[in-house]
Amino acid sequence: MESLIDLLSRILEKVYLLITDIDIDMMKMIDVVGYDPMQPLLFNTGLFFVLFIAFMCLYRAFRNVRVLKMLLVILFSLYFYYKSSGLSCLILIGVCVSDYLLGLAMDAALKLKHGSEILRRFIVFVNVAVNVGMLAYFKYFNLIIDTLSNFMTLDISVESILLPAGISFFTFRSISYIVDLYRKQLPACRNLLDYVFFLTFFPPLLAGPVVRAKDMLPQIYSNPVVTKAMTSEGIWLIITGLVKKVVIADFISGNFVDRVFDNPALYSGFENLMATFGFTVQLYCDFSGYSDMAIGIALLMGYRFKENFNAPFKAQNPTEFWHRWHISLSTWLRDYVYIPLGGNRCSRPRMYFNQFATMVIGGLWHGASWMYVIWGAIHGGLLVVHKLFRKLYPLEVSETVVTDAGELVMIDRRISPSPMLKVFNMVFTFVIVAFTFMFFRAPSLEYVGMMLHQILFDFHLSVAPQFIEGYIGIVILMVFGYIVHVSPSRITGYVRRVFEASPVLVQAIILAVVIMVVIQVRQSDIVPFIYLQY
C-alpha cells in the first residue's frame with residue numbers, strides 16, 4: 001500500500017513539475033510575443049523571420065480568397081505595429097476610420113451644386129488639422145515646452161510623451177490621400193477594408209517609404225498575383241537590405257562612429273572627419289537597407305513600391321542629391337508643400353523662399369530637435385545657392401546655326417562637363433552632404449563646434465596610418481560600400497539580373513548564407529533602424 005502511495009506521489013510530482021515548466025515556458029512566450037518598447041518587431045530580428053514565414057504560409061493558402069487574405073494582412077500589420085508602439089495602434093485604426101469617412105464626404109461634396117469647393121476645402125483642412133495636430137502633440141510638444149522654458153526662463157516640467165512609431169510616415173500617407181481626392185487624382189475608397197489595408201500595410205509602416213494611395217490602392221483593388229520575377233527581385237532586395245543594415249551600418253556605427261560623435265574632443269580632426277564620412281555611409285546603408293527590405297517584402301506579397309534611393313552619392317550637386325535621396329519624401333514635400341506654397345509659379349525670390357521653407361519643414365519632420373531644423377535650413381540654403389549658380393552659369397547655351405535650307409535658327413546646346421569635372425562635382429557634393437549630416441547626428445551645436453574645431457585646428461593627418469591599422473575593418477567596409485555605390489549601374493544591374501535569373505534553389509542557398517553571415521557579425525543587442533524614431 002505504501003509503495004503504491006509513493007508511486008502516485010512521484011507521478012503527481014512529475015506532473016506538477018511538467019505543468020510548472022509549461023507555465024514558465026508560456027510566460028516566456030507571452031513576453032516574447034507581447035509588447036516590449038525595448039524590443040520592437042524589426043525586419044532584422046529572428047522573431048520577425050519566424051513570424052513572417054508562418055504569415056507567408058497562411059498568405060499563400062488564402063491567396064485565392066481575397067477577403068481572408070486581406071484580413072490576414074491587416075491583422076498581421078496591426079500586430080506588427082503593436083509590437084513597436086503598444087496601444088498606439090488604436091491611433092492608427094482611428095486615422096484609418098477618419099480618412100475613410102472624410103473620403104466618402106469628399107466624394108459626396110463633388111456631387112453638390114452649391115458650396116462644393118468650400119466643403120471640399122474644409123474636409124482637407126480637417127484632415128490636415130488632425131494629422132498635424134497629432135504630430136504637434138506627440139512629436140513636438142516637448143520641444144515647444146523646452147523652447148518656451150529656455151526663452152522665458154520658466155521651469156515648466158511635463159511628463160515625456162511616448163512617440164508612436166512611424167507616425168510621421170502614416171500621417172503623410174493620410175494627408176496625401178485626402179489632398180489627392182481634393183485634386184481629383186483618384187476616386188474615394190468605397191471599401192473600409194481596402195483603406196485599412198493600405199494605411200496599415202506593414203512593410204512601409206514604421207520607416208517608409210512614403211507610399212501614396214494613388215499608387216497603392218489600384219494594386220489592392222486588382223488583388224495582385226505574385227510572380228516568380230517578383231519573388232526573385234524581392235529576395236534580392238531583402239539580401240541587399242540585410243547586408244547594408246547589419247554588415248555595414250551597424251558595424252560602422254558600433255565600432256567607430258558612435259564613439260567619435262559621443263566624445264569628439266577625444267579624437268583628432270582626421271578621426272572626426274572619418275566619423276563624419278562614416279556616419280553618412282552608415283545612415284545611407286541603414287535607411288536604404290530598410291527601404292530595400294520593405295520593398296522586397298511587399299514584392300513577395302505581390303505589391304510594388306517606387307524606388308526610394310537611387311545612388312544618391314553619385315549626385316553632381318545638391319539638387320540632384322535630393323532627386324536621388326529618400327525620393328518618396330522629397331517628392332511628397334514637392335507635391336504637398338512646395339507646390340501649395342507657390343512652387344516656381346511666382347517671382348524668383350518667392351520661389352527661392354518656397355524652396356528654403358520646404359526644406360526647413362522637411363528637417364522639422366525628422367524630429368523634435370532644432371538640430372534637424374538647422375540641417376533642413378542648410379540644405380534649403382544649398383538648393384537656393386545652386387539654383388542661383390545655375391542662373392549665372394547655365395548648363396545650356398543658345399547658339400545660331402545654319403540649316404540645310406540655308407535658314408538661321410536658334411538652338412539650345414547643353415554643356416557637358418568633362419569626366420574629371422564630374423568626378424570633382426561628385427566628391428565635392430558628397431563632402432558637403434556629409435558636413436550637413438554632422439548636424440543631423442550630433443546631439444547639439446556644442447558637439448558640432450567641437451568636431452569642427454578638431455577638424456580645422458587639430459587635424460593631425462599623421463594619425464592616418466594608425467587609424468587604418470586600428471580600424472581596418474571599418475576602412476574596408478566604408479571603401480567597399482562607397483565603391484559599390486558609385487560603380488556604374490550596368491555592373492550592379494548585371495549582378496542583380498544574374499541572381500534573379502538563377503534557380504530558386506541557388507537563391508535560397510545565397511539567402512541562407514547571407515543570414516548566417518548576418519548572425520555572425522551582428523551585435524549582441526539588436527540595433528534599431530535610425531528612421532524608426534521619425
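Here CZ of F251 is found 9.5 Å from CD1 of I476. Values are rounded to the nearest 0.5 Å. Atom CZ of F435 sits about 13.5 Å away from atom CH2 of W375, to the nearest 0.5 Å. Rounded to the nearest 0.5 angstrom, I432 CD1 and I378 CD1 are separated by 10.0 Å. If you take CZ on R324 and CZ on F309, they are separated by 13.0 Å, rounding to the nearest 0.5 Å. If you take CD on Q355 and CZ on R334, they are separated by 11.5 Å, rounding to the nearest 0.5 Å. Put simply, CG on L193 and OH on Y100 are 10.0 Å apart, with the number rounded to the nearest 0.5 Å.
Checked against a 6.0 Å centroid threshold, the rings of Y177 and Y195 count as neighbours. Taking the centre of each ring, Y303 and F201 come in below the 6.0 Å mark. In this structure, F76 has its ring center no closer than 6.0 Å to that of F52. Proximity of the aromatic rings of F80 and F55 is defined here by a centroid distance below 6.0 angstrom, and this criterion is not met. Taking the six-membered ring for Trp and the full ring otherwise, the centers of F437 and W325 sit less than 6.0 Å from each other.
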Test side chain to side chain contact (heavy atoms under 4.5 Å, CB included) applied to N131 and I178, step by step: CA-CA 11 Å; N131 283 289; I178 298 298; over 6 Å; no

Full working for side chain to side chain contact (heavy atoms under 4.5 Å, CB included) between S168 and L135: CA-CA 7 Å; S168 296; L135 286 176; 3.9 Å; yes

From CA spacing to verdict: side chain to side chain contact (heavy atoms under 4.5 Å, CB included), Q507, L511: CA-CA 6 Å; Q507 295 178 6; L511 177 60; over 6 Å; no

Derivation and outcome, side chain to side chain contact (heavy atoms under 4.5 Å, CB included), residues I235 and F499: CA-CA 10 Å; I235 293 174; F499 174 86; 3.7 Å; yes

Pair F202-Y79, ring pair (Phe, Tyr, Trp, His ring centres under 6.0 Å): steps then yes or no: CA-CA 9 Å; F202 71 91; Y79 172 72; over 10 Å; no

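A heavy-atom distance below 4.5 Å is found between the side chains of L329 and H366. In this structure, the side chains of T280 and F430 come closer than 4.5 Å at one or more pairs of heavy atoms. Taking the side chain as every heavy atom from C-beta outward, I474 and M274 never approach each other to under 4.5 Å. Side chains of N317 and F428 form no contact here, defined as non-hydrogen atoms less than 4.5 Å apart. Proximity of V514 to V243: side-chain heavy atoms (C-beta onward) are separated by under 4.5 Å at one or more points. You'll find the side chain of D292 stays beyond 4.5 Å of the side chain of I238, heavy atoms only. Side-chain contact check for L300 versus M230: every heavy-atom pair is 4.5 Å or farther apart. Contact check for F62 versus L71: no side-chain heavy atoms found under the 4.5 Å cut-off.
Contact between L341 and A357 at its shortest, heavy atoms only, is CD1-CB, 4.3 Å. Annotation for S487 and T492: closest pair CB-CG2, 4.5 Å, computed over non-hydrogen atoms. Residues S174 and L199 approach most closely at N-CD1, 4.3 Å, considering heavy atoms. Here the closest heavy-atom approach between residue M478 and residue I252 is recorded as CG-CD1, 3.7 Å. Contact between A294 and P209 at its shortest, heavy atoms only, is CB-CD, 4.3 Å. T200 and C96 get closest at one heavy-atom pair: CG2-SG, 3.7 Å.
Partner of D286 under the salt bridge (Lys or Arg N to Asp or Glu O under 4.0 Å) criterion, chosen from K245, R441, K244: K245.
Looking only at distances, no side-chain donor or acceptor of E500 sits under 3.5 Å from a matching main-chain atom of A229. Using a distance-only test at 3.5 Å, with no hydrogens or angles considered, a donor-acceptor pair links the side chain of N354 to the main chain of G343. A distance-only check finds a donor-acceptor pair linking the side chain of W332 to the backbone of F172 [under 3.5 Å]. In this structure, R63 contributes its side chain and R60 its backbone to a donor-acceptor pair below 3.5 Å. For the pair Y284 (side chain) and G289 (backbone), a donor-acceptor distance under 3.5 Å is absent. Here the side chain of H485 pairs a donor or acceptor atom with the backbone of F313 at under 3.5 angstrom. In this structure a side-chain-to-backbone donor-acceptor pair under 3.5 Å is present from T436 to V433. The closest donor-acceptor contact from the side chain of Q219 to the backbone of R304 lies under 3.5 Å. Checking side-chain atoms of S77 against main-chain N and O of V73 turns up a donor-acceptor pair under 3.5 Å. Between the R173 side chain and the F169 main chain, no donor and acceptor come within less than 3.5 Å of each other.
The environment of OH in Y221 is crowded: more than 12 heavy-atom neighbours from other residues, nucleotides or ligands sit within 6.0 Å. The local environment of NZ in K228 is crowded, with over 12 non-hydrogen atoms from other residues, nucleotides or ligands closer than 6.0 Å. In L87, the CG atom is not crowded: 12 or fewer heavy atoms of neighbouring residues, nucleotides or ligands sit closer than 6.0 Å.
Between the side chains of N127 and D99, at least one donor N or O lies within less than 3.5 Å of an accepting N or O. The closest side-chain donor-acceptor pair between Y336 and D180 falls under 3.5 angstrom. Counted by atom type alone, D258 and S253 present one or more donor-acceptor pairs between their side chains at under 3.5 Å.
One finds a salt bridge joining R496 and E233 here, because a Lys/Arg side-chain nitrogen approaches an Asp/Glu carboxylate oxygen to under 4.0 Å. Ion pair D107/R190 flagged as a salt bridge, since at least one NZ, NE, NH1 or NH2 atom sits closer than 4.0 Å to an Asp/Glu carboxylate oxygen.
Note: F43 and F48 have tilted aromatic rings, judged against thresholds of 30 and 60 degrees for the angle between ring planes.
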